[in-house]
Amino acid sequence: MRYFLYKLSSFFITIVLVSMIIFFVFQLLPGNPAHIILGMDADPAQVAQLEKQLGLDRSPVERYADWVRGLLQGDLGESLRYQLPVSDILTDRIPVTSSLAILSLIITLLIGIPLGIFIARSDGKWMSVFLNIVTQLGISIPPFWFGFMLILVFGVTLQLFPTYGYVPWSEDFFGAFQSFFLPSLAIAIGNIAIVIRYLRNTILDQAKMDYVRTARVKGLKERTILYGHILRNSLIPVLTIMGLLVADTLGGSIIIENVFSLPGLGNLLIQSITSRDFPLVQSMVLYIAILVLFINFIVDLLYKLVDPRIRLKG
Amino acid sequence: MQTPILSIENMDVSFQLSDGKYKALEDISFSVFPDEVVGIVGESGCGKSLTSQAILGILPKNAQVDHGEIAYKNNNLLEMKENDWQEIRGSALSMIFQEPMTALNPLLTVGKQISEVLKKHTNLSKKTRKQKTISMMKEVGLSRAEELYNSYPHQLSGGMQQRIVIAIALIAEPDLIIADEPTTALDVTIQAQILELFRKLKQYRKTSIIFISHDWGVIRHICDRVLVMYAGRIVEQGSVTEIISNPKHPYTKGLIQSIPDHQKKGEELYTIAGKVPSLKERKGGCPFADRCSSRLDICKQQFPESVVMEGTHTVKCHLYLKGAVETL
Amino acid sequence: MAKEKSIPFYIGIGIVSFLLVVMLISIFYTPHDPNAMDSTNRLAAPSLEHPFGTDNFGRDILSRVMEGSQTAFIIGISAVSIGLIIGFILGASAGYFGGWVDEIISRFIDAMLAFPGILLAIMLIAVFSTGMTNTIIALGIMSIPSFARITRSSFMQYKKYDFVKASIAKGAGSIRIIFHHILPNAISPTLVAVALSFSGAILSESGLSYLGLGVQPPDPSWGRMLKEAQPYITSAPWYVFITGVAITLLVLGFNLLADGLRDKQDKKA
């Protein structure tokens with residue numbers, strides 16, 4: 001319980017700090033933001049109106065307070081370009097990015113965990129050198145370029161998947177899956193390599209533990225020892241890197257959405273930067289950062305719940 | 001004569017290290033008879049644990065039995081397939097370890113860790129397995145067995161954890177249990193309780209035990225027979241009373257002399273000078289020669305044959321070989 | 001054992017040295033002028049004249065990839081230097097002073113880590129606009145946390161050690177303690193972080209430039225080239241392929257180097 005309160009309070013403190021950093025950075029826009037947004041030869045009356053809309057006639061502290069107050073009421077401000085509340089715009093975009101992220105995480109675990117186990121079982125000297133290099137390669141490939149390669153192989157040559165655009169799940173489930181599959185895989189490539197490396201190391205470490213010897217003395221089969229004893233102890237540490245994986249996935253989706261023209265948050269973010277829609281950019285950055293913090297917070301709690309050594313400490 | 005439960009003949013075990021092959025155990029031969037407790041003593045690094053690992057077929061990956069025979073009731077274990085080995089391990093032969101905390105899987109309930117053995121080796125129903133597990137837990141002295149069944153190892157004290165480890169070893173009613181320093185990691189009072197438990201087991205269950213220890217007090221209380229190991233060899237064996245009252249090998253003498261004794265209170269404790277040679281330091285001849293105060297010229301050149309002293313008491317030392325006395 | 005383990009490390013050194021040599025050569029010589037357009041020879045397939053083919057303006061891809069390596073190294077070195085210097089100052093202050101200084105700096109670092117992937121860099125570039133210098137600054141800031149963390153923990157760890165306590169007791173000045181005891185021990189983890197941040201910066205730069213938020217023309221950049229190559233992915237697949245291979249190789253080289261350094265460090269510990 002004390003642990004929970006500690007994590008909760010540091011979660012909120014970090015959110016406040018993040019919001020301050022974001023707000024502060026956007027105060028650093030060189031020159032008059034209204035001019036930047038509208039261009040140098042804009043109509044002075046328009047500039048004055050925009051300044052008022054942006055609250056530039058008030059002090060930064062007041063503006064920060066306003067922004068936070070708005071946020072707490074679910075008001076993320078208004079987009080300049082769309083002339084719509086930011087929250088309305090995000091509502092359309094979130095399902096795309098979250099589908100992408102969730103599918104990518106599923107692919108990561110579905111490929112990474114079995115491969116990690118398989119690889120931990122085959123431990124020759126040269127095999128481990130080879131695997132080290134291959135997994136490092138997975139980490140080193142730029143995901144968006146890997147996306148290109150997937151498009152080239154599976155989209156263009158084999159024509160198995162569409163190469164751009166998006167179908168909502170409600171419209172055509174299989175079509176949606178197809179449209180998300182390649183981008184999800186592209187994001188997952190680095191994370192798969194990370195999971196494989198991490199899981200292999202924890203399995204090899206756990207295999208040296210005394211309880212494994214006990215299990216062997218019981219006469220259990222190697223399979224039973226691996227799946228019934230070692231794996232359980234190896235997967236808990238993997239949970240600790242879940243937060244990292246989620247952050248990587250969300251970060252990766254920012255670029256990948258632009259490769260596959262998926263109308264998600266990342267796609268919107270880049271468009272908003274190009275069209276100088278600063279209120280939208282500011283709110284989106286905060287939104288994504290809070291999402292990552294929140295998921296990390298949950299993962300932290302989950303980790304403690306899964307491990308009886310910590311759960312039952314009282 | 002009775003057929004032994006376990007008999008080992010001329011077993012050699014070696015390690016494959018990066019710079020070559022090294023013999024870790026040499027010419028190990030001994031038997032364990034039904035209902036008998038055999039102690040193995042020696043300093044650390046003498047191969048006591050390695051011997052037990054060889055018996056159970058759980059040697060480290062880079063170690064192997066080069067030569068010899070390990071027979072369980074006349075079946076040579078070394079010729080067995082891994083599957084048949086697994087059938088014997090845990091049901092006919094089992095083992096108790098030194099560190100109860102690490103010997104148990106931290107993420108499984110202790111009840112599951114005990115009943116798992118029954119699941120592997122019997123066809124009992126889940127319910128019966130649980131009943132048997134709980135009565136076993138009671139037998140090893142865990143009175144609140146029903147409650148403890150679903151607890152995790154970290155929730156128990158060291159002594160309770162060791163009782164769980166013992167229950168795991170006993171649940172399938174094996175013919176032979178190897179106890180590898182089962183009390184060393186425990187507090188003194190808990191040690192006494194666990195030893196008491198072993199004495200009861202010896203009394204009520206007809207199980208043979210190999211008891212590895214470096215504590216002569218423990219050996220004297222529990223064992224019928226004792227083997228003294230030094231640097232991968234058995235240098236002396238015989239009945240406990242015979243060895244303690246009349247040790248022959250200089251190493252055994254040294255070990256017994258270094259037992260702390262109330263009557264010698266105040267005097268400096270005797271220790272054997274030097275240390276056990278590591279695998280790579282071992283040369284031909286008697287490995288104890290460098291530390292031996294009664295060393296002969298031949299000791300450094302040749303390892304002595306076994307000499308029968310009296311009954312089952314045998315020793316491997318040039319001092320007792322014919323002809324040796326004359327050169328003195 | 002030691003031998004096999006260092007193979008990836010030597011492969012890493014090999015890759016990085018190779019690309020370093022290519023980069024140095026490209027300063028003085030490229031097979032063609034990287035910016036010379038040839039409208040008669042657009043998107044040409046690889047040939048003896050153009051081993052990696054030509055791009056959509058008929059420019060020699062090999063020459064452009066070679067020139068792009070300069071940008072990659074400049075960005076890597078500059079961004080890592082910024083991150084190292086600022087990260088070191090922040091981490092050292094946090095670790096050395098402890099207390100509320102540590103609390104504030106650590107919170108700040110945690111907050112920076114809440115920005116996933118290149119989001120922090122994207123935000124900074126959104127505000128300060130694109131270009132080589134701003135890309136370097138943004139990537140430099142992004143790499144601050146890892147250096148700050150390492151320096152902080154080195155300072156905290158070695159402050160506890162007896163030999164450091166003894167030096168303090170002997171009246172040795174703080175500067176002396178830092179230079180004699182703390183810094184030598186912080187070097188190897190910092191080297192690992194340098195290699196990792198380098199590969200991270202190159203990966204991020206390619207992503208930013210691909211999005212049009214990084215290096216701008218006429219500065220050459222691999223990420224930028226990928227953006228230009230994307231429309232021709234079916235008609236000139238080698239263009240996309242070669243450019244991506246260049247990025248992957250450089251990133252892989254530094255990652256293998258970092259991994260090898262970490263192994264050596266673990267062995268020493």
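So you know, we letter chains A, B, ... as the sequences are listed, proteins then strands, and number each from 1.
No donor-acceptor pair under 3.5 Å is formed between the side chain of B:Thr102 and the backbone N or O of A:Asp210. Judged by distance alone, with hydrogens and angles left aside, the side-chain atoms of A:Lys221 form no donor-acceptor pair with the main-chain N or O of B:Gln86 at under 3.5 Å.
In terms of heavy-atom pairs under 4.5 Å with chain B, the best-connected choice from A:Arg213, A:Gln206, A:Arg232 is A:Arg213. Options B:Ser91, B:Ala169, B:Pro174, B:Pro106 differ in how many heavy-atom pairs under 4.5 Å they form with chain A, and the most are formed by B:Pro106. Most heavy-atom pairs under 4.5 Å with chain A, from the set B:Ile96, B:Leu56, B:Ile58, B:Leu108: that is B:Leu108.
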Pair B:Gln113-A:Lys218, side-chain contact (heavy atoms from CB on, under 4.5 Å): steps then yes or no: CA-CA 10 Å; B:Gln113 295 192 52; A:Lys218 287 176 183 175; 3.7 Å; yes

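Contacts between B:Leu107 and chain A at a heavy-atom distance below 4.5 Å involve backbone atoms as well as side-chain atoms.
Here the CD-OG1 distance, from B:Glu99 to A:Thr214, works out to 11.5 Å after rounding to the nearest 0.5 Å.
With a 6.0 Å radius and a threshold of 12 heavy atoms from other residues, nucleotides or ligands, A:Lys304 has its NZ atom above the threshold. Heavy atoms from other residues, nucleotides or ligands lying under 6.0 Å from OH of B:Tyr22 number more than 12.
Looking at every heavy atom in both residues, B:Phe97 comes nearest to A:Val217 through CZ-CG2, 3.7 Å.
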Under 3.5 Å donor-acceptor pairs involving side-chain atoms of residues 223-230 of chain A, not counting sequence neighbours:
residue, atom, partner, partner atom, Å
A:His229, ND1, B:Asn105, ND2, 3.0
A:His229, NE2, B:Glu116, OE1, 3.1
A:His229, NE2, B:Glu116, OE2, 2.7

